[in-house]
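Okay, handing you the structure first.
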Amino acid sequence: VQLVESGGGLVQAGGSLRLSCAASGSTFSLNAMGWYRQAPGKQRELVAYITSGGGSTNYADSVKGRFTISRDNAKNTMYLQMNNLKPEDTAVYYCNADFTRTTPPFFDFRSWGQGTQVTVSS
């Protein structure tokens, strides 16, 4: 199982970016997913979270009203629409997903993507 992020880049303050996280592999079901970020010298923090069916989401206070998390289960892909970006949003963004193996042996596991850089200039 592999998670691949895309969509990062350099944008001016007030601009927008859309991140994608695609899960690939076989014999698994995709459960809850989330976006995290890590700025230089800081701990990795949760940005947004979405349940398996997409019916429930949660956001860090710092991004509420500006970021929107969504997913397309038919494509095994999660998105993060980021609007009104601020310089303090600059970080490496990582996607994270919980999986369940669907063939024996059955077990749950978590996987991380490699990260995508988001840089917001003032």
Side-chain angles (χ1 to χ4, degrees):
V1 172
Q2 187 176 17
L3 293 173
V4 178
E5 300 104 333
S6 61
L10 173 64
V11 65
Q12 288 188 332
S16 299
L17 284 173
R18 188 192 194 206
L19 304 183
S20 299
C21 171
S24 62
S26 59
T27 67
F28 68 88
S29 63
L30 194 55
N31 302 322
M33 302 181 76
W35 286 99
Y36 290 73
R37 68 185 180 187
Q38 187 166 20
K42 295 187 177 181
Q43 289 188 329
R44 190 173 297 188
E45 62 173 354
L46 176 65
V47 175
Y49 168 93
I50 187 167
T51 54
S52 58
S56 180
T57 58
N58 193 28
Y59 297 90
D61 288 343
S62 59
V63 306
K64 282 181 181 177
R66 300 187 297 122
F67 291 11
T68 302
I69 189 172
S70 62
R71 63 191 289 168
D72 183 340
N73 285 339
K75 297 181 180 180
N76 286 334
T77 301
M78 173 180 64
Y79 306 96
L80 185 68
Q81 178 66 43
M82 305 185 293
N83 298 328
N84 191 23
L85 282 160
K86 303 176 180 180
E88 51 263 42
D89 294 318
T90 295
V92 178
Y93 284 70
Y94 299 90
C95 71
N96 166 282
D98 292 330
F99 297 89
T100 299
R101 182 179 166 91
T102 55
T103 58
F106 303 106
F107 57 88
D108 297 330
F109 61 98
R110 175 167 289 183
S111 184
W112 290 88
Q114 83 288 351
T116 185
Q117 176 71 45
V118 171
T119 302
V120 184
S121 63
S122 57

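Note that the structure is a prediction, hence the values are computed from the model and not measured. Quick note: numbers below take in every heavy atom, side chains included, and nothing from hydrogens, waters or symmetry partners. In this chain, numbering begins with 1 at the start of the sequence shown.
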Looking only at heavy atoms, the pair that brings Leu3 and Cys95 closest together is CB-SG, 3.7 Å
If you measure from CG on Leu17 to CD on Gln81, what distance do you get to the nearest 0.5 Å?
8.5 Å
Just say parallel, tilted or perpendicular for the rings of Phe67 and Tyr93, cut-offs at 30° and 60°.
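Correct class here is tilted.
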Which atom names give the shortest non-hydrogen contact between Ala39 and Ala91, and what distance separates them?
N-CB, 3.8 Å
Given the side-chain rings of Tyr94 and Tyr36, with only the six-membered ring counted for Trp, is the space between their centroids under 6.0 Å?
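They do not qualify: ring centres at least 6.0 Å apart.
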Please answer: with hydrophobic residues joined when any side-chain heavy atoms are less than 4.5 Å apart, are Val92 and Met33 in the same cluster?
no
Assess whether side chain to side chain contact (heavy atoms under 4.5 Å, CB included) is satisfied between Leu30 and Phe99, documenting all intermediate values.
CA-CA 5 Å; Leu30 194 55; Phe99 297 89; 3.0 Å; yes
Heavy-atom donor-acceptor pair, Glu5 side chain to Gln114 backbone, under 3.5 Å:
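Yes, because the side chain of Glu5 sits within donor-acceptor range (under 3.5 Å) of the backbone of Gln114.
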Taking only residues two or more places apart in sequence, or in another chain, which ones meet Arg66 in a salt bridge (charged side-chain N to carboxylate O under 4.0 Å, His left out)?
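For Arg66, the residues satisfying salt bridge (charged side-chain N to carboxylate O under 4.0 Å, His left out) (neighbours in sequence not counted) are Asp89.
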Given Phe109, which of Phe106, Trp112, Phe107 fulfils the ring-ring contact (aromatic ring centres under 6.0 Å, His included) condition?
Phe107
Nearest heavy-atom pair of Leu80 and Ala48: which atoms, and what distance?
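Leu80 and Ala48 have their closest heavy atoms at CD1-CB, 4.2 Å.
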CZ on Arg101 to CG on Asp108, rounded to 0.5 Å:
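Asp108 CG to Arg101 CZ: 12.5 Å, rounded to 0.5 Å.
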Can you pull out every salt bridge (Lys or Arg N to Asp or Glu O under 4.0 Å) where at least one residue sits in residues 110-122? Sequence neighbours excluded, please.
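The answer is Asp98-Arg110.
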Give every donor-acceptor pair under 3.5 Å between a side-chain atom in residues 52-61 and any protein atom, sequence neighbours left out.
from	atom 1	to	atom 2	distance (Å)
Tyr59	OH	Ile69	N	2.9
Asp61	OD1	Lys64	NZ	3.1

Mind checking the CG-OH spacing from Asn96 to Tyr49? Nearest 0.5 Å is all I need.
9.5 Å
Kindly say whether Asn73 contributes a backbone atom to a donor-acceptor pair with the side chain of Arg71 at under 3.5 angstrom?
no
Cut-off 3.5 Å, side chains only: do Ser20 and Arg18 have a donor facing an acceptor?
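No.
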Would you compute the distance between atom CG of Leu19 and atom OH of Tyr79 and round it to the nearest 0.5 angstrom?
12.0 Å
Heavy-atom pair of closest approach, residues Ala13 and Ser122:
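So the two residues come closest at CB-CA, 4.4 Å.
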Distance from Glu45 atom CD to Gln38 atom CD, nearest 0.5 Å?
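If I round to the nearest 0.5 Å, the distance is 9.5 Å.
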Do you know the tightest heavy-atom contact between Val118 and Met82?
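That closest heavy-atom pairing would be CG2-CE, 3.9 Å.
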Side chains of Thr90 and Gln117: closer than 4.5 Å at any heavy-atom pair?
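The answer is yes; the side chains approach within 4.5 Å.
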Checking side chain to side chain contact (heavy atoms under 4.5 Å, CB included) for the pair Val63/Arg37: CA distance, chi angles, key distance, verdict?
CA-CA 12 Å; Val63 306; Arg37 68 185 180 187; 3.9 Å; yes
